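The structure appears below as structure tokens.
Keep in mind the model is a prediction, meaning the values are calculated, not measured. The first residue of the sequence shown is numbered 1, and numbering continues consecutively from there.
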Amino acid sequence: MPIRACPIQCEIINNMKKLDYKSGQYIFKAGDKGKEIFLLMSGDVGIFLPTNDTKDPNFKVGENEVFGEMGVIEHKPRMASARCMSDATVIALSESEFEARVEKADPFIRALLRILSQTVRNLQDKK
């Protein structure tokens, strides 16, 4: 589920890569390895669960929201697909850059990140 980016995003963005996508293009698909976390800068991105056979996303990512974090946090395959609903620009943070940032965090925060991500995944798996 997308989360809002923090106010220090401008400082973080300088160390990330900018990617442009066309409407209908996938940023990632369910089952892919989670190699990057994304921040939506402009456009519309839909998150589609594998059981969704419609053109309407299960979740919509808004501008300045982060998505694709669960696969990176847990080192597990993506549990959903992210598809652009319009032309979109995202900023990507690599798994290694994310891990470097997490390693600097308090051990409690690192554990909390993993627990929250696993809880969301478990809730989705039960559906």
Side-chain angles (χ1 to χ4, degrees):
M1 191 170 295
I3 57 174
R4 288 261 173 220
C6 61
I8 62 170
Q9 72 187 34
C10 291
E11 175 187 328
I12 294 170
I13 288 170
N14 292 332
N15 298 321
M16 299 184 193
K17 67 180 171 185
K18 178 181 157 222
L19 303 167
D20 294 310
Y21 291 91
K22 296 290 183 195
S23 181
Q25 191 173 3
Y26 283 89
I27 296 172
F28 57 80
K29 292 186 178 182
D32 288 353
K33 179 181 179 345
K35 297 178 185 175
E36 296 171 311
I37 296 175
F38 301 94
L39 171 65
L40 180 61
M41 299 304 293
S42 65
D44 298 297
V45 172
I47 304 297
F48 292 81
L49 298 173
T51 56
N52 185 346
D53 293 331
T54 73
K55 63 178 181 153
D56 298 319
N58 295 89
F59 307 100
K60 291 182 180 178
V61 179
E63 289 184 6
N64 297 318
E65 288 186 339
V66 173
F67 64 102
E69 73 285 350
M70 289 175 55
V72 173
I73 291 171
E74 297 179 59
H75 306 287
K76 291 187 177 180
R78 303 273 188 202
M79 62 180 280
S81 298
R83 188 175 74 212
C84 297
M85 307 305 288
S86 68
D87 289 355
T89 299
V90 301
I91 302 295
L93 178 69
S94 72
E95 182 177 27
S96 61
E97 290 170 330
F98 174 76
E99 287 297 328
R101 292 171 190 269
V102 170
E103 285 304 314
K104 293 177 187 175
D106 179 287
F108 180 81
I109 300 301
R110 290 194 307 259
L112 183 61
L113 275 174
R114 286 186 172 79
I115 289 167
L116 289 173
S117 185
Q118 185 61 47
T119 299
V120 171
R121 186 179 294 269
N122 288 342
L123 287 171
Q124 185 55 45
D125 288 345
K126 290 179 182 178
K127 287 186 177 181

Distance-minimising heavy-atom pair for [X] and [Y]:
X	Y	result
Phe48	Arg83	CZ-NH2, 3.1 Å
Pro77	Gly31	CB-O, 3.6 Å
Ala80	Pro50	CA-CD, 4.4 Å
Arg78	Phe38	NH2-CE1, 3.8 Å

To the nearest 0.5 Å, how far apart are [atom1] in [X] and [atom2] in [Y]?
X	Y	atom1	atom2	value
Leu39	Lys18	CG	NZ	13.0 Å
Met41	Asn64	CE	CG	6.0 Å
Ile37	Arg101	CD1	CZ	10.0 Å
Ile91	Leu40	CD1	CG	10.0 Å
Ile73	Leu116	CD1	CG	8.5 Å
Glu74	Met79	CD	CE	8.5 Å

Is there a donor-acceptor pair under 3.5 Å between the side chain of [X] and the backbone N or O of [Y]?
X	Y	value
Thr89	Asp20	no
Glu103	Ala100	no
Gln25	Lys22	yes

Hydrophobic cluster membership, Met85 vs Tyr21, 4.5 Å side-chain cutoff: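 No, Met85 and Tyr21 fall in different hydrophobic clusters.
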May I ask you to check whether [X] and [Y] show a side-chain donor-acceptor distance below 3.5 Å?
X	Y	result
Glu97	Ser94	yes
Asp56	Thr54	no
Asp87	Ser23	no

Full working for side chain to side chain contact (heavy atoms under 4.5 Å, CB included) between Glu65 and Lys60: CA-CA 10 Å; Glu65 288 186 339; Lys60 291 182 180 178; over 6 Å; no
Heavy-atom check, side chain of Val72 versus side chain of Lys35, under 4.5 Å: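 Not in contact.
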Sub-4.5 Å side-chain heavy-atom contact between His75 and Glu99: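 SC-SC contact between His75 and Glu99 confirmed.
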With Ala82 via side-chain contact (heavy atoms from CB on, under 4.5 Å) - residues at least two apart: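 Counting only residues at least two positions away or on another chain, Ala82 forms a side-chain contact (heavy atoms from CB on, under 4.5 Å) with Ile27, Phe28, Val45, Ile47, Phe67.
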Contacts of Lys29 that satisfy salt bridge (Lys or Arg N to Asp or Glu O under 4.0 Å) - sequence neighbours left out: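 Partners of Lys29 by the salt bridge (Lys or Arg N to Asp or Glu O under 4.0 Å) criterion come out as none, since no residue qualifies.
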